[in-house]
Every structure is written in C-alpha cells, then in structure tokens.
Amino acid sequence: MEKEEEHKVFRLIGVTLNRLKEERNMSNSVGHSLLRGPVLQHQSQKNSCSCIGGNTLFQAQATSLIRKSSSSALSSILSSDFRGHRLTLRRSGLRKNPVLSDVVQAVLATDPASEQLRLKFILEEDIEMQVDVKISSIPMVEIQLTNSRDHLYLHWGGLRNVKEKWVLPNRRPEGTKVYKERALRTPFIKSGSNSSLKVEIDDPSIQALEFLIVDEAKNKWYKNNGQNFHVKLPSRETPVSNVVIPEDLVQIQAFLRWEKKGKQMYSPEQEKMEYEAARAELYEDISRGSSIEEIRARLTKKDDKNSKKDIGTSNDDTQKKITKGEIKTKVQKHQEARSYSTQSIQRKKRDLMQLLNKHIPVSVKSVEEKSSMTPKSLSALELYSKLIEEQSDINILNKKTYRVADDELLVLVTKASSKIRVHLATGFKEPLTLHWALSKKPGEWLAPPENLLPQGSSSLATCADSPFSTISIDGSTNKIQSLEIEIEEGDYVGMPFVTFSGNNWIKNNGSDFYIEFVGPKKAIKDAGDGKGTAKALLDKISGLESEAQKSFMHRFNIAADLMEEATDTGELGLSGILVWMRFMATRQLIWNKNYNVKPREISRAQDRLTDLLQNVYVNYPQYSELLRMIMSTVGRGGEGDVGQRIRDEILVIQRKNDCAGGMMEEWHQKLHNNTSPDDVVICQALIDYIKNDFDMSVYWNTLNTNGITKERLLSYDRAIHHEPSFRRDQKESLLRDLGSYLRTLKAVHSGADLESAISNCMGYKSEGQGFMVGVNINPVSGLPSGFPELLQFVLNHVEDRNVETLLEGLLEAREELRPLLSKPNDRLKDLLFLDIALDSTVRTAIERSYEELSNAKPEKVMYLITLLLENLILSSDNNEDLIYCLKGWNQALSMLETGDGSWALFAKSVLDRTRLALATKGELYHQILQPSAEYLGARLGLDQWAVSIFTEEMIRAGSAASLSSLVNRLDPILRNVANLGSWQVISPIEAVGYIVVVDELLSVQNKSYESPTILVAKSVRGEEEIPDGTVAVITPDMPDVLSHVSVRARNSKVCFATCFDPNILDDLRAKQGKLLKLKPTSSDITYSEVKEGDLKQSGNSEEVGLPSNIKLVKKEFCGKFAVSAEEFTSEMVGAKSRNIAYLKGKVPSWVGIPTSVALPFGSFEKVLSDVKNKGVSEKLKILKKKLEAGEFEVLEEIRKTVLDLVPPPQLVEELKNKMKSSGMPWPGDEGEKRWEQAWTAIKKVWASKWNERAYFSTRKVKLDHDLLCMAVLVQEIINADYAFVIHTTNPSSGDPSEIYAEVVKGLGETLVGAYPGRALSFISKKDKLDSPKVLGYPSKPIGLFIKRSIIFRSDSNGEDLEGYAGAGLYDSVPMDEEEKVVLDYSSDPLMVDGNFQKSILSSIAHAGDAIEKLYGSPQDIEGVVRDGKIYVVQTRPQM
C-alpha cells in the first residue's frame, strides 16, 4: 500500500516537471514560467529551469498537507532537492490541465480577470482549506475553509527576505489585531459552515506571506508539518509590452486610486508606489485587450475624436513636481485661460439686512434653564450605571462601553474596602455567558481562583464561564442582564473576556475584550454635576471613548450614531459633539489604537457623519454656526480646517518635543497672532538647521536667502528675539514633525485647501499632471452666473501681499454662495466646505497683512474692518448687532469722505460697539462650550491646560480674532484724531494706594480692604458698589459717566477712570502690590511709585463715610394705601415723588411732567400685617433673623417670599380710585390678569429693599436697614424715542458753568441700569445752551421699548440723605416687560441729522437749566423725548 502511494506522488512530480519543460519551450508571448501570464512578467524569469522552487508560490512540506500519503514515502521524496517546495498549478486561460491526483486537489479553470493560483489542503478529516493567490496590481491571498469551526484565526505576517523576521503589513483585514508585537491575527468570516478571509499585500517589498491557523477557543494550531505555511507572492515588475501608456492616463488612474483610498496624505515614497500601481492596472487592461483610446474614453468620458493625446513626462520628473508641490490642479489650468484682465472686482451693492440671521438669542439664563430641564429618561443600562456610580463609598477605576451586535455592553470597575468589583451589564436579549480570565500582565489568560467565581460558574483550564442573570432596574420594563465579579486587591491588573450565547461567540471586533483594573494615569479633575451641559450625552460619549479611539472610522461612526440625540438636545447637545471632535482634532484623544482600518472605511464613516451634519444644517438653521465649527473640525477629507491646524499643530510639536520655551514659544505666539508666508521660510530654516547638525549659519542663510533678516523677525507684532536651540536627541522627532508642519503651512499660504474646495464644487476635467488631477468631477448644480470666474480671480490673488483685492474677491464669493447654503442640495456639504475654506482664507490673508498696516491711513484700516466684519456676519448666527456695527463703519467712512469733522468720534463709538459685540460673542462661546469642555475633559482625564484654554483657543481660531486685532490697531489712531487721549476720567480724585488686580468689580464689591487700594478691574458693569478701603478704580470697561458706580465714586471721593490704552493697563497690572500715586486731571491721569511716607501724607487712610448726624428715620403708615400728587408730603413719600409733584406747573410749558400717584410709606408693612398674609409674615421673621446672623444667601429667599403677599381689598379699591381720578388708566379695567401684573410689579419694588447691592450698601455705611421704608411712585410710561440724564454741574470737571448730559435710544433703564456700552454724551455751556458739543457717540447695542403701560418706581427714605447716593439702589418695575431692540444708529436722525441733533440736545440742556434755576442748586434729572417733546420724570439734588 505504501509503495502504491509513493508511486502516485512520483508520478505527480514527473508529470508536472514535463509540463514545466513544455511551457518553457513555448513562444515568448506565452511566458517563461508558471508564474507568467500572456503579458505579465515576474521574478520567476530569473530562476533556473532546474529548480522548481523558483517557479512556485506555495513552499510547503507535502507531509502535512497530503495526510493520506505514506510518511516514509514522503520522507524519501523530501530528502531530495525538492524538500521545502510545493508543486503549484496555474489557473489560466491558455489550457486546461487534468487533475493529477485525488490527493493533491488542484482545481484548474479559466479566469479572464487575472492570473490566479489555487491549492486545496485538508487540515483535518472534515476541514478543507483552499488558498487562492490572485495576481494583479495588488496581490490578494484568499483562504477558504469548509466545515470550519468557530474561533478560527489566521496567524500571519509578511517576509521581505527568507532569513528575516515577519513584518506586519499596514494593510490589514478588518478585525486584525497585533499579537505580542510579533504577528497579526485576523478572524475568519463565518458564513454557515464555511469561513473565508482575504488578505491584500500592497507593500512591494514583501516577497511572501507566512501563516498558521489557530483555534483560539481550544488553543489548537494547524501547522505545516510543524512549520509555517509559506506563500510566495507574485513579482510586480513593469509589464513587458510594446504599448506605452501616456502619463496623463497614469495620473488619472492614480488620482482615482487616491480618492478610493480616502484621500490620504502620502509620503513621496508612497506616492511613487501608488503611481506605479496605477500604471500596472492600466497594463492589465491592455493585457485584456483594451486599447489606449478605449481606456482614455473610459477615464475622461471622451470619445476618440475629441481626445487629445498628451505627451507624458517622465515618472521621475512627475514625482519631483509632486513632492515639491509644483503641479497645479486642473482648476487652475482650466481657469487661467479665462482669468480676469483687471486687478480688482466690482462688488455688487446689496442690502445688508439680507444677511440677517435672527434666531432665538442665547443668554446665560436660557443656558441655565436648558441645563436644568428634565433630562431624557435614562435607559435601563444608564440607570444601572448611575446606581453604582452614585454610591458614596466607592471609587470608579474604569468604565467602558462596547458595542455588541445591536446592543451595548457596559463594564464598570469599582474599588471599595480594598476589593475590586467588575460590574457587567447589557441589554442583549438572549441568555449570555461570560468566558473570562484574569491577567497579571496585560493580555494573558490566567484561570481565576475558585473562590472568586460567581454563583453558577464553571472553571476551565485557563479561564471560567459565568452566566449573566436578568434583572429589572428601578421598576423599568427594559430588563437587562448583569454580572458582578469581586476580586481581592492583589497582583491582577486586568480581565480578558469574551461572551457567548448558545453557539454564537461575541467578541470585540474579532478580538478579546480587555478591561484594566487600574485608574487613569492622569489625575482627573472632579467632573462636577455637568450643569450647563448635555450631561447624559457627554456621559455616553465618555463611555464610548474606548471604542472611539480604535480608529477614525469608529469615532466618526459613533458620532454619527449620536447625532440624533445631540440634535434633540439642541444647542448643548451639538456643543458636546463639537467639544468632543475638537479634542480629537487637537490630538487630546487617541486617534488609532491597535486597529487596522481601510482608508475608504474611514472615508465612508466621515461621509456618513458629514451627511448627517448637512441634514441638521438644513433643518435647524439656528444651529448653523455650531454645525460649521463641527464640520470644520471633522473636515471634508480628514484634513479639517487647514488654517486652524497651523495653530493646533505647533502646540502639539512643542508638547511632543519638549521645546516650549525660547524661539519656539516666540514663533508659537507669532503663529497665533499673524501667520504669514514668512512662517514657511522659518519652518524650512529650522529643518535645514537641524539637518545640518544644528549649524546656526545654515538657519540664518535660509532666512536671509528668502528675505528674512533679524530686523524683520524683530518687527513682527510678536517678535522673535531668540535663535533656535534644541537637544541632539530631539533631532529625528523634530525633523518628522516639522516636515509635516511645513506641508500644513504651505497648504495654507498657497491656497491649496481653498483650491481643493473649489475643485469639488466647480467640477473639473484633467489632462495635466499630479495626483490632484486626472478625473471628471461634476460641478454642483445651480451655481450663480460668473461664479467660476470669481473663484478664479480669488485663486489668482491668493498669494498677493496687498490683500485688499483678495479680501474683496473672497467676500464677494461668500456673498454669492450664501443663498445656496440655505437651500437643500445633495452636494450642500461641498458648498459648506467651500464657504469654510473661503472664511479661513480671509483670516490667513489679513494676518499676513498686519505688518503692511503699521503705517496705513485710518480709512484703509476702517475699510479692512468692514470686510472682516462682513466675513464674521456671514459665519454667525444672531448677527443683527454685527450688521449694525458694519452699517456704522460704513457711515463713519462716508463721514470721513465728506469731510465731517466728527468722523473720528463717531468711528470711535462704532469701534467700542464692535468690541462689545466681539466680547459678547466670546462670552456666549464660553457659556455654551466651556462647561461641556470642563465636564467631558474631566470624564476623559485630559490635561487641565487643554481644557482650561478650550474656549479661548476656539475664539482665537475663528473669524472674530482677526477682526479684534484690527480693531485694537485702529483704536489709538481714532483716539488721537478725536483728541480723546488714553483716559476718560469719571471721578478726578488724587489717590495713593496699593495696586490690586481683579477680574470683575462685582466679585469684590462686598469686600473690605485694610490698606488703601487701587483696583485695576477688567470688568465694571455700572451698578456695582465700591469696596471699602478702595481709593481708586481703573478699568478698560466703559461705564456711563452717570451710572450708579460713577456717582458712587464721586460721592465717596474715589478716583474712577476708564483707560483705553492696553499698554498702560498692562503696566499697571504688572505693578500689582506696589504703592502708586495717581494724579488725575479732567482728561488724563499720571501715576508713579511712591514710598510709605507718601501714604500717610495723602490722607487716603482716613475713612470717607456719612456725617455722624445722618441717620434713617422710620416712617409710619398714613392710613391711606394711595395718595395723589397734591397730597405728597415728606411723611408719606420720598424726595423722588415730592420733587416731581413740585415741578408740576412750575417748569416751562414745553416740558412735560407725567401724572403721578403713590403707595405711601408703611403700605408694605400694613399689607404684611393683614391676616391673609400671616404665613408670609412669620416666614419673613425667620429669614430676617438668619440675615442678622450673617446668612446673606437668604436675601434671595426673602425677595421671593415678599412676592407671596396678597393685596387687601382696601388697597385695590383706593389705588383704583386715585389712579382714575388723576386721569391714569386702571390696569384692572383690562382684566384680572392685568391687575395681577400690576400687583406683582408693586411687590417687586418692595422686595428690592433686600437686593444684595442695596442691603450691603446700607450695611457698609452703618444705616439701620430695618428703618428703610419704601413708597412706590406710580406713573404712566411714556413710550420714549430717547431717554436722558442731566447733571447740571459737569461731574467730571466740577465746572458749574457746564451742563453734562447723556442720551440713549428708548427707555432710560439702559442708561441707569447695567447695560453695556456708552450713551451719547454732550456738554453745553449755560450761556450757550443752543450750542451743545457732542463728547461721544453711543455704543450701546440694546434699546428698551414698551407699549403704553404703567411703571412703579422705588421711592425710599434712604434716597433723601445728604452725602449718601441712595438713588439707583432699588428697583423700578414696569407692569409690562420691555422689548429689547438691537439698535441701528446709522439711520438715527440724532446721529446723522445735524439740525435734529442740535434741536434735541439744546432742548434737553434748556430743561436742565430751567430746573436747576427752579431749585437753586445742581440737579440730577431724568427724562425722555417723545416726538421731539421733552418730559421730565424725576429730579433730585446732584451728588
């Protein structure tokens, strides 16, 4: 029997050798070996005909594969020259070979598509393995197993040389994992009883594939007689052919391959490899009978007659051009033929209001309300996790969420009392079992001790099986399966596991699950309660991060899965997605972790996510700004916003290479401030310096050769003073990172990113060179006429040093594009990415122009500001304020052109408003994004520095940052032209004190400083108190001269001033803790350091307080709940009510006085004593005792309690009668609801006695708060066009001959309340009242307007005290809510009509003068203007 088997094998070998000889003697068109097809020529041509091994793909020992053969017979054969080689039969269309043996089954068939070799082997009696090697441009090995078991894996690697170790190819099937850094392990794909796997090898240096088959469940290996299966791969040399393929067709094919692979960034070596692979594919087409003309027609969609045959360049030349970036895209070449002959464009005239995006504004309040909304009901799995995490005695060591089938698997590791618990839970429906072990080293499987096994477990050799149990959480109808394993703290570091249900094994994408028992390596900041965030969504993101970090494919798919929930959550949900994607883009998160994924799979996931973002953009326009930022972060082709990468990547380079100081930090600051083409040269100089063994002369040579001198480096806004200095061990890492960074810099400053975006939208056909060309792209439909020429104009000017023309083109393109962005379009995301690229190019263009603007005229800077503001408007939601800023700049430019002498003053007000708008935008970003960044950053364990600067970096990266920079450049120019100086002195008091720097005056208003203190406060709103011990307040903020804090400063003899010069402010801040002397005039302040002795001489140490004889006198209830103006006395009402009654009939007839009634002193106390309000009274007594004990937080609760009062019927009746008899409308006539509104307003006035500011103000000056009584003045509201406040003695200079007044649009609350921005201010000499002089135009963005209504004004006995500014501490409350209107000053006659302005301001001045004469003393007067008529609503002595 053995003899017979031996003869069979020899016959097999003999027949094969004869066939080899026959084929070797065939004509040259057939080939020289088994490995050669009709056209392809492979390495086998070099091999001797006497050696079969040179002509085989499979080199294996026959003994392990032919199990039925006699071992002794085969040993005899393998001792000969054939040992180690395997006979291989080619599948070819040339001829059909018979089956040579029933043992070695070589199936032969014709396959016209490619050369293919096939063999079948029997691994066991019932398991058969078939291996096919398909020969094409990228060899593919396909392995099929019949009657296979579960858990079979291919354990494999590549060989470059027989004697070398395995290499691990980058191109790997899905699910592949790296096994102990020595091999790859890929799961077979099961289909019924069969399994299959395909392996593509695109690395031409790999000559062979070696593998084994392993059954992981049984730890069983299928080997080749104890050795590896060895597959020799076909050679990929250039085909032999008389046909030369034109280079342009090779380029088109290379481009198509690049697109198919996900538009990766290639190194020069990879580019060359891809280029040759494309050439090989085209030769394959020719080998199948295609002609050059047919290939051209297929690739270019042209027929033979219209085709042009280009003369190809050499591959070396092409590759050099690709590497150097010299190849232009077809967009450039195609459009250069029709580029503009002019050097500028004619911009279309448009109505700016067409740019309005006015959605529901987001305020602090709305953010808080959103965060406090009832969250979406938690799933059973989330509830399970929450119950565990909220236990007080445990620490969370690790938490991961995995996707299994269509469900999730939660794994939570906790530690309590030196015991580790692993909690597992899933919503998987079928009964589930955990197949698990423990590890002392990551990845190993050690059988767990018997005492650790949960109930129902079974112990195996190296592992254990433990069943899950079904539970119901909190009565939830959604049941889950859970399992808990308790482990004593010790040597175990983690737990490997898989799960199974029946015969179905569930793994982690073909790999084992593994959970670590150690906590995060970085200290995690307390995540807090997630207030102001979409907490549930962020928790889910942090749970899925371990899955997301496997690859971009995973991350983008997870983000796509979460988009519905994020959209449903609204602004905060989308903010959460943005924060997560931004952390990814800035490399705070792991991009890839032991997972191989095809580029096209990443591209597919990216497309899926951007498609969803596109759909949300269409359906939820109110979130368009957030969605643009997310898309910019995700990117169209994995690259994101290249302009932003300049900022992000330099930080990464500094961190990775430990080079955060010196020249690199200076360059980093320059890059953040104004990246320019110089940065390309600087980066190249650094690379040259490092390459040349850190030779500093090479660094300077590269700089100087490209026109950058030491003086130029020092001339930057963020100057570069130092030379580079690196360690030698940093060399390789720096060369790699700076080389990558150089490509980013070139991409930005050559407009490459913009060019790519244009290409995708415009469509193009290529007959040129380079990877970015050679394909037909259809244009987006519906593009406006002339749009291609406009984009070509942009490309022609994208590198201009004078950027004005480029900016005009970019903005015109964005304006033309804008209407298309609001319409559904299947290519909308291409248009969005084009718009993002245009926006980014605006930013980089203006940044490189900063140096050229140093000596620019104001009109040029102002014009560039209009362009940048237009750019920001086009990118912003709720952009109404920005639009009115732009209209204001246009008005200022018009005034300058017409010679209006007040143009600079008007422009300064527009500049101030623009600054406010940018600050508001920054605050909004901070409110929306920073809480999510803080919470998610803490959950993910990110570095605190990356979290804390998150919003700051987002703002610096956006359109607003470059606009802010330009505005700051213009400010000193305008102040100089308008003779405004660096200061506005509000309270000119000489002071000596120690410098203390604070962020907000509000945050220290209740503090007491022991030493005389000069506060330098970044923010002053206008309604704060000045802290005890403060002798001066300096701020860049712009409170009104007549605001509460300004009045308080003058009254308390505190120096108070606005400083406009950032250099002066920086200098003052740098002197923190030092003793300074301030010497103010009415328009300037000088300061100097002094010694302690000067402090004693200054008198600042003396406390400024109330005269000792001033105190509050308690007022009694007069017996009436309502009194008319004729009845007002000092025992009934305060000075506010009495003064307005006094004016009636005494002022000139052209000054109107509103009708008034009042609720007198004691009314509140009388209502509180009513039996109906007994509960409120008792509660207030308790709260007041707490307040007296120092529990100041009860102030808010006191105010809320006051609102629970009910009115006695007597009060309602008396107030109704007084109002009607005085000619005022009675709210109750319009319905019970209207009276309820009025009653609530009255109670709010009473409750304002316990405002924090009012309470601490009286406490500070030692007034008895209990003695404070509150009357309520009731007046009909005049729906004002303008409101004003007059001080009849100039408060800044103290000049009694000058009236000073401030005017705002709408109601006066924006003037006396804490509304940002300045009012219009003017002075008028009392002997020249008809010649008012405007000191400043308004910058307040908001005006308050109201329909006909009633206002209830506070009128306390604390407002009558001489020397104490009690006015303004308490609230005046209108019955109806005011409407906030964003103001447009560019069309306001008070700003643009000189005659109207003079008339109104003169009338205000005359009214002030008349009232001062009536009282015989300086007055503080409030009033309004309606239809040109002046109304005075109150007056009091000027403080």
Side-chain angles (χ1 to χ4, degrees), residues 29 31 35-45 112-116 134-140 170-171 200-207 233-264 266-302 307-324 326-327 329-330 599-600 765-776:
S29 63
L35 297 183
R36 180 141 171 222
V39 175
L40 298 176
Q41 177 185 18
H42 296 298
Q43 288 288 347
S44 55
Q45 184 180 5
S114 66
E115 292 291 299
Q116 180 167 317
K134 296 183 179 178
I135 308 170
S136 62
S137 59
I138 299 179
M140 182 175 71
N170 291 324
R171 188 165 184 155
E200 292 179 325
I201 303 296
D202 60 359
D203 183 348
S205 69
I206 294 178
Q207 303 298 314
L233 300 175
S235 174
R236 284 166 278 188
E237 290 188 348
T238 305
V240 175
S241 174
N242 294 325
V243 179
V244 176
I245 298 178
E247 290 299 305
D248 67 315
L249 297 184
V250 179
Q251 292 154 13
I252 295 173
Q253 183 71 10
F255 179 83
L256 293 173
R257 286 173 56 82
W258 174 73
E259 278 204 319
K260 192 179 292 185
K261 289 187 174 186
K263 301 181 180 180
Q264 301 177 78
Y266 285 141
S267 67
E269 293 76 16
Q270 289 172 314
E271 285 179 349
K272 190 168 184 177
M273 189 189 306
E274 284 292 302
Y275 200 84
E276 290 309 314
R279 189 191 305 278
E281 286 178 345
L282 295 181
Y283 273 116
E284 275 192 46
D285 285 350
I286 291 174
S287 72
R288 299 186 192 114
S290 297
S291 66
I292 291 292
E293 288 74 16
E294 289 170 337
I295 292 173
R296 182 179 295 281
R298 173 173 61 81
L299 292 178
T300 64
K301 306 297 183 186
K302 295 180 179 179
S307 294
K308 284 186 179 180
K309 293 185 179 181
D310 292 348
I311 300 174
T313 60
S314 73
N315 183 52
D316 288 341
D317 290 342
T318 301
Q319 293 309 316
K320 286 177 183 176
K321 290 181 179 180
I322 292 171
T323 304
K324 292 180 180 179
E326 294 173 1
I327 294 181
T329 68
K330 181 57 188 174
R600 64 173 175 270
K765 298 178 181 179
S766 173
E767 296 168 7
Q769 301 169 335
F771 271 18
M772 292 299 294
V773 296
V775 65
N776 290 336

For this session: Working to the nearest 0.5 Å, report the span between CD of Q253 and CD1 of I295.
Result: 8.5 Å
Exercise. Minimum heavy-atom separation for L282 to R298, with atom names?
Worked result: CD2-NH2, 4.3 Å
Exercise. Could you give the distance from CE (M140) to CD (E200), rounded to the nearest 0.5 Å?
Worked result: 6.0 Å
Exercise. If you take all heavy atoms of A254 and A278, which pair is closest and at what distance?
Worked result: N-CB, 3.6 Å
Exercise. Can you name the nearest heavy-atom pair linking L299 to I252, along with the distance?
Worked result: CB-CG2, 4.0 Å
Problem set entry | Check: Q207 and L233 side chains under 4.5 Å, non-hydrogen atoms | no
Exercise. So do the side chains of P246 and R296 get within less than 4.5 Å of each other, counting heavy atoms only?
Worked result: yes
